[in-house]
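Quick notes on the structure that follows.
Computed from a predicted structure; not experimentally measured. Below, chain A is the first sequence line, B the second, and so on; all start at residue 1.
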There are 2 protein chains.
Amino acid sequence: MERMMEKEITIYDLAKILALSPATVSRALNDHPAINVKTKALIAEKAAELGYRSNTFASHLRTRKTNTLGVIVPRLNSNFMSTVLAGMEEVANNFGYNLLISQSLESELKERANAKTMFDSRVDGLLVSVAYDTDSIDHFVTFINRNIPVLFFDRIMDHPRCGAVIIDNEQAGYDATRHLLDQGCRRIIHVTGDLRRNVYADRMNGFKRALAGQNLPQDNRFIISTDLSQEAGRQIAAQIDQMAEKPDGLFIANDLCAAICMQVLKEKGYAIPDDIAIVGFNNDPVSQVVSPQLTTVFYPGYQMGKTAMTTMIGQLNGTKLIDHSEPIILRSELIIRRSSIRFENL
Amino acid sequence: MERMMEKEITIYDLAKILALSPATVSRALNDHPAINVKTKALIAEKAAELGYRSNTFASHLRTRKTNTLGVIVPRLNSNFMSTVLAGMEEVANNFGYNLLISQSLESELKERANAKTMFDSRVDGLLVSVAYDTDSIDHFVTFINRNIPVLFFDRIMDHPRCGAVIIDNEQAGYDATRHLLDQGCRRIIHVTGDLRRNVYADRMNGFKRALAGQNLPQDNRFIISTDLSQEAGRQIAAQIDQMAEKPDGLFIANDLCAAICMQVLKEKGYAIPDDIAIVGFNNDPVSQVVSPQLTTVFYPGYQMGKTAMTTMIGQLNGTKLIDHSEPIILRSELIIRRSSIRFENL
DNA sequence: TATTGTATTGTAACCGATTGCATTAACTTG
DNA sequence: CAAGTTAATGCAATCGGTTACAATACAATA
């Protein structure tokens, strides 16, 4: 019933069958205005009937466009990232673009390797959220020099010819800290990631601004830079337990890390939020299953993916003039839950 | 300093510069044995010097191979899936394959669309974990008919010409249930997913076998099929709270769902594990941050990704003869934590 | 020395779609 | 009716590697 090996139909086959030239067939399939409407219909019909598929390689070879976009993310396994990717996919799909996705696993080395692969695959554009330890931007400049647009999202790098889509991390950091202050916290520790990354640097700046607003002292020992892993969460808790003067508030730039830290603190006998109030970041599902539920910052992942992809494709089509001097900033929002509510004055 | 638009070097350029034929250059770059070692070195050096990159489209057009593999997963945002993908990526990278990744978002419709995209992109092979509601296998048969290998992992479909990589879900389900029984549970509810999916059907069968082993009655009302979402977790908890005769054990085929369910039960005043012992599935990070920590089944995601990819590439290279009559089965393991320990007899 | 073998390189025809530049037919217009 | 338009289609080169089939040179063998 099913043929074992169906032969691939080309425009030459169609041309021969319909007694036309390959050129006409090609133009018809691309809806070229010079081709007669009836001819187009005829060709389209036959193509459908025989299951014709355009050979993208021949096409790409000739046109020098691949209709493929590269996406490099630190990790796929975060709720945030996969939500971003879902948003990107939706838009890319609508515009007929494919996605080549890879993860750097937070290593600049792997990020470079991924970028090279993308480059060799001749992606039409690149969307990147950089790794923890990325210092150099060389591997992206390669693209820019060849006029392949590069767009950063979330974790961005500064380059005059690259766009960026972010949230206002400074404001989010400020809001989170301000909330803790409003709950009466006066000794707040901020646990953050690598400060070379804008997301962490900005949140920290927001943190500092909030403290400054209350004329509170800025103690650098209260800013702890970690890799925000689960293990880091454990260590922070242990470290706090050892401190002579304990903090009364914690602002941790990652939900999972915060959740683990909270758990260990609870085991050690600290009352959350009464002894220590905690705020996380990202609105990861874990924030809802820990007890008490974790106050956090909602991050519009899906929207970010859609926006980034729309911007990229707009730039590729030339339909949208991109102003790279300013990043696109999306709204985030503080979600207040039990882990930080000390006064029931909602 | 940086040129605006570097011209792309081709083998013809290299050939002209070195006074050789393009054929020789091509062979040299592919390490063809007929080419003199010195010539190869010469060409390789010049190629590196000028920054030559092979044009994959020309190559693919000629060889009819794309060196790209498609991966379709239900969702990217689970710890399990992204771990699998990391494993796949590692192997694929080593063998010079690219990955085209997309998510079906648990919908057969989107899965079909994704498959079509992959097909049109002419992937050399396809790795799939099917969506919740996938009934038909047509969209994969398309590949098989064109001799493009299809390999299922985790959520598999049955087809004589497709390989499969799974864990022994039946055994895992048995072990989980047996553990609950050993803890003294006698009225165990099993919350599972769509029973068309092997992973859920098999776990359920393991569940039933364990009950049968203790001569316990098989009550179908104690098997609840849901979408295993967070919302489902809430509903299950509500449902249990309404039951006249409460269960004393819960085996839920997903950690996040189990975590939420446990949380709501706790809120309603049930003691975990004393009133109700709970076992989840997947060893998701959430299983460690809930309290009590959740007993679960460790799923070797990374290994699964590596194994699946290795199998696929082996088949493509013809280096490995694949026996599709039997799936490849990886080891899983029950991880016992507080949510189910009633007797301190470890 | 003539012959055969071996190592190395070259020639040229692909792969399939695209597109600048004709070409042809049909239609206007003066 | 001749000249000029317009519409529709065809020709052939091109994109850059790959590879079957020579061709060449030189050494080994008879």
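The NE2-C1' distance, from B:H60 to D:dG16, rounds to 12 Å in whole Å. In this structure, A:I9 atom CD1 and C:dG16 atom P are separated by 11 Å, rounded to whole Å. Separating the CG atom of B:D120 from the P atom of C:dA17 is a distance of 12 Å, rounded to the nearest angstrom. What separates CZ of B:R64 from P of C:dC14 is a distance of 13 Å, to the nearest Å. Distance B:L18 CG to C:dT8 C1': 16 Å, rounded to the nearest Å. Taking atom CG of A:D13 as the reference point, atom P of C:dA17 lies 9 Å away to the nearest angstrom. C:dT18 atom P lies 11 Å from atom CG of A:N67, rounded to whole Å. For the pair A:L14 CG and C:dA17 C1', the interatomic distance rounds to 12 Å; values are reported in whole Å.
In this structure, D:dA30 and C:dT1 make a Watson-Crick or G-U wobble pair, each of the two defining distances being under 3.5 angstrom.
The base of C:dG20 sits with one of its N or O atoms less than 3.5 Å from a complementary donor or acceptor on the side chain of A:R27.
In this structure, a donor-acceptor pair under 3.5 Å is absent between the side chains of A:S107 and A:S104. Side-chain contact, A:D124 with A:T66: a donor N or O sits under 3.5 Å from an acceptor N or O.
Nearest to the side chain of A:L61, among D:dT9, C:dG16, D:dT14, sits C:dG16.
The side chain of A:N30 contributes an N or O atom lying less than 4.0 Å from OP1 or OP2 of C:dT18. For C:dT18, neither phosphate oxygen OP1 nor OP2 lies less than 4.0 angstrom from any side-chain nitrogen or oxygen of A:T63. A:N55 has no side-chain polar atom (N or O) that falls below the 4.0 Å cut-off from OP1 or OP2 of C:dA17. Residue A:S26 places none of its side-chain N or O atoms closer than 4.0 Å to OP1 or OP2 of C:dG16. Considering only side-chain N and O atoms, A:Y52 lies under 4.0 angstrom from the phosphate OP1 or OP2 of C:dA17. In terms of phosphate contacts, B:T24 brings a side-chain nitrogen or oxygen within less than 4.0 Å of OP1 or OP2 of C:dG10. Between C:dG10 and B:S21, a contact under 4.0 Å exists linking OP1 or OP2 to a side-chain N or O.
Here B:T56 lies out of heavy-atom contact (under 4.0 Å) with every strand. Contact annotation for A:L20: backbone-only contact, meaning every heavy-atom pair under 4.0 Å involves sugar-phosphate atoms and none involves a base. Using a 4.0 Å heavy-atom distance criterion, A:F57 is classed as making no nucleic acid contact.
Closest heavy-atom contact between A:R196 and A:D135: NH1-OD2, 2.8 Å. The nearest pair of heavy atoms linking B:I35 to B:K40 is O-CE, 3.5 Å.
Summary of the strand contacts: A:I35 and A:R62 both lie near DNA chain D, and taking for each the nucleotide with the nearest heavy atom, the more 5' one is attributed to A:I35.
Rounded to the nearest 0.5 angstrom, A:N77 CG and B:N77 CG are separated by 10.0 Å.
With contacts defined as side-chain heavy-atom distances shorter than 4.5 Å, the pair B:L126/B:F140 qualifies.
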